[in-house]
Amino acid sequence: MLRTHTCGELSEKLIGETATLCGWVDTYRDHGGGLFVDLRDRYGLTQVVFNPPDTPPAVIEASKTLRDEYVVQVTGTVAARPEGMANAKMQTGEIELRVTEFVLLNKSLTPPVSPSAPEPPGEDLRLKYRFLDLRRPEMQRTLLLRASIIKGMRDYFAENGFIDIETPVLGRSTPEGARDYLVPSRVHRGTFYALPQSPQLYKQILMIAGYDRYVQVARCFRDEDLRADRQPEFTQLDLEMTFVDENDVIGVIDGLVAKLAKAELGLEVPIPLPRLTYDEAMERFGHDAPDLRFGLELIDCTDLASEAEFRVFSAVAASGGRVRGLNVKQGTSHYSRRGIDSLTSFVADYGAKGLAWFRVEEDGTLNSTIAKNFTPELLAKFGERMGAEPGDLLLYVADKYEVTCKALYALRSKIGREMRLYDPDAMHFSWVVEFPMFDYDEETKSWQAMHHPFTAPLPANLDLLDTDPGKCRAQAYDLVINGSEAGGGTIRIHDAEVQKKVFNLLGIDATTAVERFGFLLDALQFGAPPHGGIALGIDRWVMLFGKLENIRDGIAFPKTQKATDLMTEAPGEVDLKQLRELHIKLDE
RNA sequence: GGCGCCGUAGCACAAUUGGUUAGUGCACCGGACUGUCGAUCCGGAGGUUGCGGGUUCGAGUCCCGUCGGCGUCGCCA
């Protein structure tokens with residue numbers, strides 16, 4: 001070892017001892033007569049002092065060449081800092097290392113990303129010089145959190161009898177769902193592997209094979225456009241269980257949530273976690289992953305709206321649309337007339353044609369430019385329905401149900417954030433259950449699987465597959481943390497007949513089904529047990545547990561929004577020779 | 001694919017209504033200094049204002065295009 005201690009380790013207990021530290025120059029302060037260096041490694045900072053009389057003159061002289069990010073090995077005596085010179089801001093601020101000798105292990109160019117700067121530079125630079133960015137204590141804290149979360153998960157599942165089994169990365173493309181990343185086959189001209197969007201089919205096969213509790217930390221790939229909480233390759237804690245129902249899977253994850261919330265955040269999370277159905281979530285919050293850290297629920301007023309002279313309301317109500325609103329408590333002081341205008345243009349991005357609003361006056365009456373279209377009695381009913389009190393701001397979107405959901409969900413999130421309706425440190429865990437099996441694609445006039453085509457319907461809904469697929473609910477469940485989908489799973493179909501029926505509904509004919517999933521259909525006929533599972537988005541857990549603003553900050557080497565790596569410059573061009581071997585000709 | 005914000009020295013930012021030689025701090029280079037901790041003080045060097053075009057007597061600033069970063073809608077079973 002080139003060192004006897006780390007830079008976070010020396011303390012008053014070690015005063016008088018000789019120690020050797022290795023690390024990077026975080027900052028240096030040159031006083032002419034002597035030099036102070038804050039030496040950094042991932043454990044902390046220690047002030048090392050090149051000063052007479054402890055440090056020989058030649059060593060002091062040599063130390064003058066030190067610059068930011070130089071790598072050094074220093075040996076000296078651990079000493080208490082002189083009277084009044086302790087630094088309360090440093091963990092090692094009571095002591096310092098008085099250097100007697102040092103070795104310059106390596107120099108550094110002037111770093112474009114300074115690990116010691118109070119604020120990091122632009123993200124493009126951080127990604128290009130990721131090796132410097134990752135030296136920042138903030139990044140190190142995050143990656144340690146990530147490692148701890150993953151270890152916590154692995155330990156938990158090992159303790160609960162799960163077997164870690166790896167599944168292939170080179171698999172077969174299944175055109176459903178997200179776009180695949182493809183890998184051309186050299187051996188088989190014109191054919192391609194696909195990188196897994198998830199290990200879904202393999203884990204079902206493992207259940208059929210009798211490995212009744214499987215778990216894996218699995219890398220997954222989806223070639224879709226990115227967001228602040230989405231990467232093209234991401235990591236899932238994937239698991240599957242045999243002879244279980246929905247409650248069993250949820251129960252296992254409840255235990256994991258409680259364990260990790262306690263271990264990583266010191267939070268006591270009561271379990272079982274609260275559950276709400278998909279329909280309830282859409283009705284109350286307009287979204288299938290609502291942020292339950294605050295209220296501001298959507299309130300339906302369609303029946304009242306149908307009585308209004310106001311054409312916008314009555315026409316929507318008459319045509320089967322919905323009129324729903326939010327009561328922004330004490331919102332009139334937060335949103336001026338101009339503020340409301342900006343909310344109006346905000347909801348327009350979500351397809352809402354307008355935003356109707358009322359201020360609640362001191363006497364409790366509703367006032368607005370549109371108030372004249374309502375009778376006082378009807379306004380009073382609106383006020384009562386909304387729980388209106390003086391100072392409140394009532395906002396309404398009148399439109400098709402889907403538009404009211406999207407617009408009001410977005411509006412609720414925006415207002416919650418702007419009015420600070422929740423503690424940013426709060427953590428709220430919940431389940432959303434009973435998702436629809438299918439949703440209808442207007443463009444292709446066909447049913448689409450809401451989750452994936454292997455999701456089992458609720459037992460009581462089996463008949464609906466034939467009579468009314470839109471009403472059929474699934475044994476599907478999503479874990480929601482602070483309004484973010486942090487995991488999702490289903491009980492799978494283990495009956496080949498039901499599976500065929502679902503494929504049929506999805507427009508996957510028998511030939512196609514056999515072509516794409518023949519192995520699964522085969523397996524289902526050889527004693528497939530009831531099974532189900534879930535996958536947790538580890539990157540999102542890290543983001544949420546670490547209070548990060550985007551998913552990239554929780555990943556050592558993330559991709560940009562255009563799915564490139566600024567450090568390695570992937571993706572890159574390849575030699576013509578490589579293309580030829582793969583039987584690929586570029587279309588240009 | 002659409003929309004929005006951003007791009008000025010190694011880094012973070014400034015530059016009046018379109019107007020002189022594009023400034024400031026940190027970093028860097030040289031010097032001073034025996035206890036600092038965002039050290040301080042003196043001096044210096046460092047610029048194709050992302051790139052291309054246009055408007056104008058004159059463009060960092062306005063317009064068009066393009067590249068890149070971020071956010072968002074579509075998309076993400």
Side-chain angles (χ1 to χ4, degrees), chain A residues 26-39 45-55 57 60 64 67-69 79 81-90 92-93 96 98 108-114 116-129 132 174-180 197-198 200-201 220-232 234 345-346 348-351 406-407 410 413-414 435-439 441 443 447-455 474 476 485 488 490 502 506 508 535 537 549-550 552 559-562 564 566 569:
Chain A
D26 194 62
T27 54
Y28 65 94
R29 297 173 288 282
D30 187 347
H31 282 257
L35 182 82
F36 298 86
V37 168
D38 289 341
L39 197 65
L45 284 177
T46 299
Q47 172 165 284
V48 301
V49 184
F50 301 79
N51 248 355
D54 306 80
T55 315
I60 292 180
K64 301 283 183 186
R67 293 293 179 271
D68 288 351
E69 301 308 312
R81 295 204 186 176
E83 187 71 27
M85 294 297 162
N87 184 347
K89 283 183 276 183
M90 283 176 81
T92 60
E96 61 196 19
R98 300 204 176 141
S108 169
L109 298 176
T110 301
V113 174
S114 167
S116 62
E119 293 296 331
E123 193 169 1
D124 44 351
L125 268 182
R126 292 176 52 208
L127 292 174
K128 179 171 180 186
Y129 298 98
L132 295 174
T174 56
E176 283 74 29
R179 207 171 284 121
D180 283 320
Q197 296 178 26
S198 84
Q200 182 60 38
L201 296 172
C220 306
F221 306 84
R222 293 178 193 176
D223 186 5
E224 296 292 345
D225 287 346
L226 307 182
R227 287 289 183 283
D229 62 352
R230 237 195 263 165
Q231 280 277 296
F234 57 100
S345 61
F346 175 77
D349 292 342
Y350 300 88
K406 279 185 183 171
S413 304
K414 179 182 170 72
F435 278 75
M437 281 287 286
F438 312 101
D439 61 328
D441 186 337
E443 263 182 46
W447 293 104
Q448 303 282 319
M450 189 104 169
H451 200 85
H452 57 58
F454 319 107
T455 302
E485 181 192 334
T490 64
V502 170
L506 295 174
I508 303 172
E549 285 185 7
N550 64 63
R552 298 178 299 279
K559 304 264 188 298
T560 66
Q561 196 176 53
K562 292 211 170 102
T564 64
L566 295 181
E569 296 185 317

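Below, chain A is the first sequence line, B the second, and so on; all start at residue 1. Predicted, not measured: the structure shown is a model, and the values here were computed from it. Computed from heavy atoms alone, side chains included, the values below leave out hydrogens, waters and symmetry copies.
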Item to check | Residues A/R230 and A/D225 bridged, charged N to O under 4.0 Å | outcome: no

Checklist entry - In Å, rounded to the nearest 0.5 Å, how long is the span from CZ of A/R67 to CG of A/D30? => result 7.5 Å

Item to check | Minimum-distance nucleotide (side-chain atoms of A/E224 versus B/rG69, B/rU36, B/rC76) | outcome: B/rC76

Next on the checklist: Tell me if the side-chain of A/D38 makes a donor-acceptor pair with the base of B/rC37, cut-off 3.5 Å, by modelled atom types.
Outcome noted: no

Checklist entry - Looking for any heavy atom pair under 4.0 Å, which part of the strands does A/D223 touch: base, sugar-phosphate only, or nothing? => result nothing

Checklist entry - What's the spacing between A/L506 CG and A/F438 CZ if we round to 0.5 Å? => result 5.5 Å

Checklist outcome for this item: Between A/G33 and A/P120, whichever has its closest RNA chain B nucleotide further toward 5' is A/P120

Item to check | Rounded interatomic separation in angstrom, taking CD from A/Q231 and P from B/rG69 | outcome: 12 Å

Checklist entry - B/rG35 base to A/N51 side chain: any donor-acceptor pair below 3.5 Å? => result yes

Item to check | Distance, C1' atom - from B/rG25 to B/rG38, rounded to whole angstrom | outcome: 12 Å

Item to check | A/L127 side, atom CG; A/T564 side, atom OG1 - distance, nearest 0.5 Å | outcome: 8.5 Å

Item to check | Gap in Å between the two P atoms, one belonging to B/rC26 and one to B/rU21, rounded | outcome: 28 Å

Checklist entry - A/R227 has a side chain; which of B/rU72, B/rC70, B/rU34 sits nearest to it? => result B/rU72

Next on the checklist: Can you confirm whether A/L201 sits close enough to A/F454 that some side-chain heavy atom of one is under 4.5 Å from a side-chain heavy atom of the other?
Outcome noted: yes

Next on the checklist: Measuring from the side chain of A/P82 (C-beta onward, heavy atoms only), which nucleotide among B/rC76, B/rG69, B/rG35 has the closest atom?
Outcome noted: B/rG35

Next on the checklist: Using a distance-only criterion (donor-acceptor N/O pair, under 3.5 Å, no hydrogens), is the base of B/rG69 paired with the side chain of A/R126?
Outcome noted: no

Checklist entry - Within the structure shown, what part of the strands sits under 4.0 Å from A/L566 by heavy-atom distance: base, sugar-phosphate, or nothing? => result sugar-phosphate

Item to check | Nucleotide B/rC70, atom P - distance to CG of A/N550 in whole Å | outcome: 9 Å

Next on the checklist: Suppose you measure atom C1' in B/rG31 against the same atom in B/rA22; what distance do you get, rounded to whole Å?
Outcome noted: 29 Å

Checklist entry - For B/rG31, does OP1 or OP2 lie under 4.0 Å from any side-chain N or O of A/K64? => result no

Item to check | Carboxylate-amine/guanidinium contact A/R98 A/E96, below 4.0 Å | outcome: yes

Next on the checklist: At less than 3.5 Å, do the side-chain atoms of A/D225 and the base atoms of B/rG74 form a donor-acceptor pair?
Outcome noted: yes

Item to check | Nucleotide B/rG2, atom C1' - distance to CD of A/Q561 in whole Å | outcome: 13 Å

Checklist entry - Between B/rG69, B/rG30, B/rA12, which one does the side chain of A/T560 approach most closely? => result B/rG69

Checklist entry - Looking for any heavy atom pair under 4.0 Å, which part of the strands does A/P453 touch: base, sugar-phosphate only, or nothing? => result base

Item to check | ring centroid sep under 5.5 Å plus plane angle under 30, A/H31 with B/rG35 | outcome: no

Checklist entry - Within the structure shown, what part of the strands sits under 4.0 Å from A/E96 by heavy-atom distance: base, sugar-phosphate, or nothing? => result base

Next on the checklist: Base, sugar-phosphate or nothing for A/Y28? Non-hydrogen atoms, less than 4.0 Å.
Outcome noted: sugar-phosphate

Next on the checklist: I'd like to know if A/R222 reaches the base of B/rC76 with its side chain, counting only an N/O donor and acceptor under 3.5 Å.
Outcome noted: no

Item to check | Between B/rG50 and B/rA59 - P atom distance, rounded Å | outcome: 15 Å

Item to check | Evaluation steps, side chain to side chain contact (heavy atoms under 4.5 Å, CB included), between A/Q47 and A/T92 | outcome: CA-CA 8 Å; A/Q47 172 165 284; A/T92 60; over 6 Å; no

Next on the checklist: Could you tell me the Watson-Crick or G-U partner of B/rC70, where both distances fall under 3.5 Å? Say none if there is no partner.
Outcome noted: B/rG4

Checklist entry - What nucleotide, of B/rG74, B/rG71, B/rG69, holds the atom closest to the side chain of A/K406? => result B/rG74

Next on the checklist: Check the phosphate of B/rC3 against A/Y350, side-chain N and O only, distance under 4.0 Å to OP1 or OP2. Yes or no?
Outcome noted: no

Item to check | Residue A/K559 excluded, over 12 heavy atoms near NZ under 6.0 Å | outcome: yes

Next on the checklist: Any side-chain N or O of A/R29 below 4.0 angstrom from OP1/OP2 of B/rA39?
Outcome noted: yes

Checklist entry - How is A/G122 classified with respect to the nucleic acid when contacts are heavy atoms under 4.0 Å: base, sugar-phosphate, or nothing? => result sugar-phosphate

Next on the checklist: On the nucleotide B/rG68, are OP1 or OP2 found under 4.0 Å from the side-chain N or O atoms that A/K128 carries?
Outcome noted: no

Checklist entry - Within this structure, what is the CG-to-C1' distance between A/D439 and B/rC76, rounded to whole angstrom? => result 13 Å

Next on the checklist: Between C1' on B/rC75 and CZ on A/R179, what's the gap in Å once rounded to a whole number?
Outcome noted: 7 Å

Checklist entry - Rounding to a whole Å, what distance do you find between A/D349:CG and B/rG71:P? => result 17 Å

Checklist entry - Could a donor-acceptor pair under 3.5 angstrom be found where the side chain of A/R81 meets the base of B/rC37? => result yes

Checklist outcome for this item: Heavy atoms of A/R222 and A/S198 approach each other most closely as NH2-CB, 4.3 Å

Item to check | Phosphate OP1/OP2 of B/rU36: any A/Q47 side-chain N/O under 4.0 Å | outcome: no

Next on the checklist: Can you tell me which nucleotide in B/rC11, B/rC73, B/rC28 comes closest to the side chain of A/L125?
Outcome noted: B/rC11

Item to check | Pair partner, B/rA14 [Watson-Crick or wobble, under 3.5 Å] | outcome: none

Next on the checklist: Assess whether a salt bridge exists between A/R552 and A/E123, defined as any Lys/Arg side-chain N lying under 4.0 Å from an Asp/Glu carboxylate O.
Outcome noted: yes

Item to check | Whole-Å distance separating the CZ atom of A/R98 from the P atom of B/rU36 | outcome: 13 Å

Checklist entry - What distance, rounded to whole Å, do you find between the two C1' atoms, one in B/rA9 and one in B/rG60? => result 14 Å

Next on the checklist: From C-beta outward on A/R552, which listed nucleotide comes closest to its side chain: B/rG71, B/rG30, B/rC11?
Outcome noted: B/rG71

Checklist entry - How far, in whole Å, is B/rC62 from B/rU56 if one measures between their C1' atoms? => result 10 Å

Checklist entry - If the C1' atom of B/rA39 is compared with that of B/rA27, how far apart are they to the nearest Å? => result 15 Å

Next on the checklist: Measuring to OP1 and OP2 of B/rC11, would you say a side-chain N or O of A/S114 lies under 4.0 angstrom away?
Outcome noted: no

Item to check | A/F36 side chain, from C-beta outward: closest of B/rG35, B/rG71, B/rC33 | outcome: B/rG35

Checklist entry - Quick one: A/R67 CZ to B/rC26 P, roughly how many Å, whole number? => result 16 Å

Checklist entry - Should B/rA22 form a Watson-Crick or G-U wobble pair with both distances under 3.5 Å, which nucleotide is its partner? => result none

Checklist outcome for this item: By nearest-nucleotide position on RNA chain B, the 5'-leaning member of A/A178 and A/T564 is A/T564

Item to check | Polar pair under 3.5 Å, donor/acceptor by atom type, side chain A/E123, base B/rG71 | outcome: no

Checklist entry - Which one is paired to B/rG43, where only Watson-Crick or G-U wobble pairs with both distances under 3.5 angstrom count? => result B/rC29

Checklist entry - Taking the same atom, P, in B/rG65 and in B/rG4, what whole-Å distance lies between them? => result 11 Å

